[in-house]
Structures are given as structure tokens and as C-alpha cells.
Amino acid sequence: MSLRESPFPNGFAESLHTVGWGLVFPCFWFLDRLIAVCISTSLERRRRREEECYLHPLQVFFGFILFLFLFLISTPFAFLGFLLWAPLQLTRRPFSYRHQVATVEMENRNVGWEEAGRVTFGFVTANLCLLPDGLARFNNLGHSQNRALAIGQSIVQGVSRPHIRILIDSPSSSGTLSPSISLLPQSASTSYGATDAQVQPGRVEQSADTVLDGEIPKTSTGDASVNVASDHMNQQQPVLWNCNQNSNQQGSRGRRNPPRALRMLGKAGDAPLELSTLFPANVDIVCLEEVFDKRAAKKLTEALGSVFSHILYDIGDYACQPCGTCSSFKFFNSGLFLASRFPVMEAQYHCFPNGRGEDALASKGLLCVKLQIGLQKGEKKMVGFFNCTHLHALERDGVIRCEQLDMVTQWISEFQTMTQQQDEIVVFDVLCGDFNFDNCSPDDRLEQNHSLFNDYRDPCRAGPGKEKPWVIGTLLQQPTLYDENVKTPDNLQRTLEDEELRKVYLAPPVSQGSAPLVYPDPGEPWVGRRLDYLLYRESTLTDHCRTEVEEFTYVTQLAGLTDHIPVGLRLNVTL
């Protein structure tokens, strides 16, 4: 069953909603600019010091007066629009859907799956902090519209590149590597792989400075020479993208060196860890959190639509929730955003009823979707279940998050029971999102021991409160987002590889109460807070289906554009 694109049941209701929001939006925008003009990011403050600009106080004063005046005169129109907008939320489905034909083709890694007896799926999740610009600045991030477009272009650039493995002929090599690892200056070498191929990368020069100036990264061409062994050697060598130029490399032309070898996981049964400056190639589903700003969501939709044919955005409920009550008015949606290569057969959204504080202003909850994979085994068609959520954010509120995890477990079970058919083979069941607790903080012990982790597998987790040795935190320290060590994909990658630097730039664990924090245990590596999860389970898959993790990826491509580190997961499913 296909979804209708509009969240409203008919064109009349949609038109009334457009008029109502059109009256509200000017007032909303003036208030947003009023806040934004008063709050500067650390990057803006640093640039003013470097440029010796002393006019900022005057800009703040006159900007404040101007936007306050415009806000006040637009308030009566906003009130009329609100009276029209709010009742219409009772008729609104809690998400918008966009379906379009993808214009950029990605490699189909499941060609010949019958002979191999297995299929492969790739997933990515990222928290983008795309709030209205004034609110995003409290997290040291601004220019939400420019960031949204730059993020969309970065994701498309990463996921649409060919999946190429690079072989390093070196005694220190860790094995087969992906080209998503950054290309860094290294000493000259005469042989790096089994096959010689000329690659001319399109380069996207991306940094926080260009986004701040309102410039979107542009693609340029340069010459490069890399030795690669492609998954399909009989195909014409495709373009290898590279957006991770260092500042001293920008605009350079000539011979480029191959990527350095990164450490692989040495533990038996673990999958290769990749620390990448590009998003994984051939991703099937992208789940994003904190896409609260509607205009930013539209920009992401337009950018990602070239690769992902099916997109759910503006997910969540507005106005009074539960309906008919005024105890919790939702000013923002859930912030969830889902882009999929697979058609969406069914979708359902649930709003958490137990939000507290500022979190209660957003319609945080759980999105469950059923996807049609497009493959059949005999008379049965393959489907997958994908679930994404964003839990309560405030620290010390572990009880609320545990209640929400209980709801997540129940809602997923009900959705799958209601939508699964006898003639279907379930090949994956994935849960992801920003859980707002980690697996190393003493303050999060209640959540770490939740029964959800007995059901879903976390590839990064060794046990409650204990991460695997290779795990890296995913939450960056907001005051240092624009430091040289973390503001570009290359620099952030190097920082994450260095344990001492991670201690400076990743958020540390949270102690329990007033007790002193002893972390890490003797002999254990320093990890940092990992709030972004990609979980999977086998118990709900069709009999004889077995899942193994092919690759787990930390992505640094969004350095300077968000305060979280995206993560990717690739699953192999044996049928």
C-alpha cells in the first residue's frame, strides 16, 4: 500500500493549513532572528577578533530593536493564523511523505544474491541539531539553512560513490580498506595495490567557515593517482569523491597519495571498524535526528531526493497532545527524518506522553516503518522493519528514558504484529536514534540495564556499562566545535584516533550524583559518551535468516556542521 504525500486528508485542509502557517511564520521568523542576533557562535567571535571588528555591539543593538519591532507588529497576524493552524493539527497525519525517482544511481550490492545466499543492507544515523537558527546557537551552531544544504550534499556525495576497496602493500597494513578513509599527505611509495587505476576526484571544499559565509561547498576537479582494487573489476573505473582536503591542500593539483591504513578490530567475531571522512557507500536507509526546522527539512529533502526515492519528514504531532488537552503543547515536531531507497509500505508514529521541561515542547517519539526490499524468494517477498527514535534529553532523568524504552519495545511489537503478512520474509529489524544516554556513565546505569538490550543487539556494547575496546564516543564538546583539531573531516578523524585528543574534544561520562567519577577502569581505553545507537535483532526475522555485522563506521564528514558524530552499520543477512 503506497502512502499519500500530503499529511492532510484533502486539499482544502492543506490549503487552510498553508494560509494559517503563512500568517504565523513572519512572527516566528522575526523572533528567531531576534534571538540569533544576540547570540554568537565561538567561530563568529573568533573571526571578529581576527578581523578586529568592533561594530558588533551596534549591530546587536540595532538588530534587536528592528526585529523586536517587527515581531510586535506581526503578532496580531500570527494570533489569527494560530487560531486557524492549531485546530487543523487534529486532521494531520504525523508525517509528510515524498516520493520521487532517484536521479543518481547507486551500486546494487545484492546482484546475484541467489547464488551467494545472502543480502546486504547499509544504515546510517546522525543527529544534526537543525533547530531554528536562534535556538541552534545555544549549541554553538548557527546558519541552520546553510548547514542543512551542506549536510544533504555531503550525505549524497558519500553514499553515492562506488564501493571500492584499497589494498595496501605494506607490512603494517591492516588489510582491505575502503576509500572513504581520508587521503592524507604521506611519504612517497611506489606500490600500493594490485591494480593501477587513474582516479580524478571531484572535490567538495567544505568547512565551517564557508557555511558561515553563506557559501555552499562546490565541486571541483583535480588530478589524483590511486591504486585500487574495485569490487567489480570489469566495470569502468568510476569517479572517487574526496571532500576532505586539508587547508594546505585546497586548490592543489597533482599526484595524491593513497589513504593510510587504519586499525581493524582484532577480536574474533567482531566486524571491521572504519573511521571514515566520507559517509559509507551504497547506504540504503538514512535516519536523522533534530531536524526540527521545517525549511531545513525541505532543503534536506531536495538534496537527498536525488539518491533516496522515499523520504519521511516533518514527523511528529503539533498543538495539544494528547488531543483535547492543554497540558502539553507541542511547538516542534519530533525532529526525526527518514530517507530510504526502499518503498515504504507502512508507517506509524507514536509521541512520548511523558516529556518534561523543554523536551516536552517537542513531539519526540518513535517512528516505525515497514519497507519493501524488492526481492523475492520463491513466492515470498522480502521486507524489512526500521525504527527510529529520539529519547528524553535532560540528564538525571533516567526514569523517564526507561519509561520511553518500555514504550518503544511495546510499540515496535504492536506495529510488527499488525503489519507482518504470512507471504513475507523479514530480513532485517533495526532500531536507531539518539538515545541521550551512554554505556559508560555511572549516571546512566538504569538505562544501560534496560531489557531492550536483551532483545536488540548493540555491536558496540560488551555489556551493561562496558563498551568494547574500539568504541568511540559520538558527542562532541560544543565549545570546541571550531577548534583546528575538529573543524575539518581530516582533522576530526585524526583526533578520534588519538586517545589523548579524544579526552579534550569528546564529551566525558557523567558521574552519579555527587560521587567522584573514576573513569576509565585501569587498563581500559578512554571512550567518551556514545549517544547515537544502531541496533539490530534476529529474533523477529524469518526462520533460517542469520545476521552478521560486516562493518561499523564512524563518519567525520560533517565536522563543523553538527555536534554529533554520525555512525553507520552494514549488515549481511544469510537466507
Side-chain angles (χ1 to χ4, degrees), residues 168 170-175 177 181-182 260-276 395-396 398 401 434-454 456-477 480 483 485-486 491-536 548-556 563-569:
I168 310 295
S170 167
S172 62
S173 171
S174 299
L177 301 176
I181 304 167
S182 65
R260 65 188 183 274
L262 294 183
R263 55 190 169 85
M264 295 297 191
L265 304 187
K267 301 290 186 181
D270 271 343
L273 163 69
E274 186 175 2
L275 186 52
S276 170
E395 292 181 3
R396 317 297 183 190
R401 281 186 288 273
D434 182 351
F435 286 9
N436 273 313
F437 66 85
D438 59 61
N439 196 38
C440 62
S441 293
D443 188 58
D444 292 334
R445 282 176 182 162
L446 190 63
E447 302 96 300
Q448 293 162 7
N449 288 278
H450 195 274
S451 60
L452 175 81
F453 294 101
N454 297 328
Y456 280 90
R457 295 184 183 180
D458 182 353
C460 300
R461 173 184 168 107
K466 184 176 178 59
E467 301 280 47
K468 292 181 179 178
W470 50 268
V471 169
I472 300 172
T474 62
L475 181 62
L476 294 165
Q477 295 271 34
T480 61
D483 283 12
N485 283 331
V486 294
N491 293 353
L492 179 56
Q493 183 193 49
R494 285 194 293 269
T495 294
L496 296 181
E497 290 174 340
D498 188 308
E499 185 173 338
E500 293 305 313
L501 286 176
R502 289 204 300 268
K503 295 178 183 179
V504 177
Y505 293 104
L506 291 183
V510 181
S511 62
Q512 189 168 28
S514 58
L517 178 63
V518 180
Y519 176 82
D521 293 334
E524 295 292 329
W526 196 94
V527 174
R529 302 198 71 193
R530 179 175 62 94
L531 305 185
D532 303 273
Y533 290 75
L534 268 168
L535 315 178
Y536 68 98
E548 64 177 6
V549 177
E550 176 183 321
E551 187 176 80
F552 191 89
T553 307
Y554 292 94
V555 182
T556 65
D563 55 352
H564 284 242
I565 298 170
V567 293
L569 177 68

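Residue numbers run from 1 in the order of the sequence given.
No side-chain donor-acceptor contact under 3.5 Å links Gln448 to the backbone of Pro464. Judged purely by atom type and a 3.5 angstrom limit, Thr480 uses its side chain to pair as donor or acceptor with the backbone of Gln477. Judged purely by atom type and a 3.5 angstrom limit, Asn439 uses its side chain to pair as donor or acceptor with the backbone of Gly463. Looking only at distances, no side-chain donor or acceptor of Asp521 sits under 3.5 Å from a matching main-chain atom of Glu524. Of the possible donor and acceptor atoms, none in the side chain of Thr474 sits under 3.5 Å from a partner among the backbone N and O of His564. Under the 3.5 Å distance criterion, the side-chain polar atoms of Ser441 are matched with a main-chain donor or acceptor of Val510. With hydrogens and angles ignored, the 3.5 Å screen pairs a side-chain donor or acceptor of Arg502 with a backbone N or O of Leu496. Looking only at distances, no side-chain donor or acceptor of Thr553 sits under 3.5 Å from a matching main-chain atom of Val567.
Proximity of Trp526 to Cys440: side-chain heavy atoms (C-beta onward) are nowhere separated by under 4.5 Å. Looking at Glu447 and Phe435, their side chains never come closer than 4.5 Å, going by heavy atoms from C-beta outward. Two residues are said to be in side-chain contact when any heavy atoms from C-beta on lie closer than 4.5 Å; Asp458 and Arg530 meet this criterion. Between Pro459 and Leu534 there is no side-chain heavy-atom pair separated by less than 4.5 Å. Between Tyr456 and Tyr533 the shortest side-chain heavy-atom distance does not fall below 4.5 Å. Using a 4.5 Å cut-off on side-chain heavy atoms (C-beta onward), Thr556 and Leu275 make contact.
Atom CD1 of Ile472 sits about 9.5 Å away from atom SG of Cys460, to the nearest 0.5 Å. Rounded to the nearest 0.5 Å, atoms CZ (Arg445) and CZ (Phe437) are 14.5 Å apart. Separation of atoms CG (Leu475) and CG (Asp532) is listed at 8.0 Å; rounding is to 0.5 Å. The CD1 atom of Ile565 sits 11.5 Å away from atom CD of Gln493, with the distance rounded to the nearest 0.5 Å.
The side chain to side chain donor-acceptor pair (under 3.5 Å) with Asp444 is formed by just one residue from the set Gln512, Arg396, Arg529; it is Arg529.
Val486 is linked by a side-chain contact (heavy atoms from CB on, under 4.5 Å) to Asp483, Leu492, Thr495, Tyr505, counting only residues two or more places apart in sequence or in another chain.
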I'd like to know whether Val549 forms a side-chain contact (heavy atoms from CB on, under 4.5 Å) with Leu569, so could you lay out the CA-CA distance, the side-chain angles of the two residues, the decisive distance to 0.1 Å, and finally the verdict. CA-CA 7 Å; Val549 177; Leu569 177 68; 3.6 Å; yes
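A salt bridge between Lys503 and Glu500 is present, with a side-chain N of the basic residue lying under 4.0 Å from a carboxylate O of the acidic one.
Closest of all the heavy-atom pairs between Pro525 and Pro520 is O-CB, 3.7 Å. Across all their heavy atoms, Pro509 and Leu517 have their closest contact at O-CD2, 3.5 Å.
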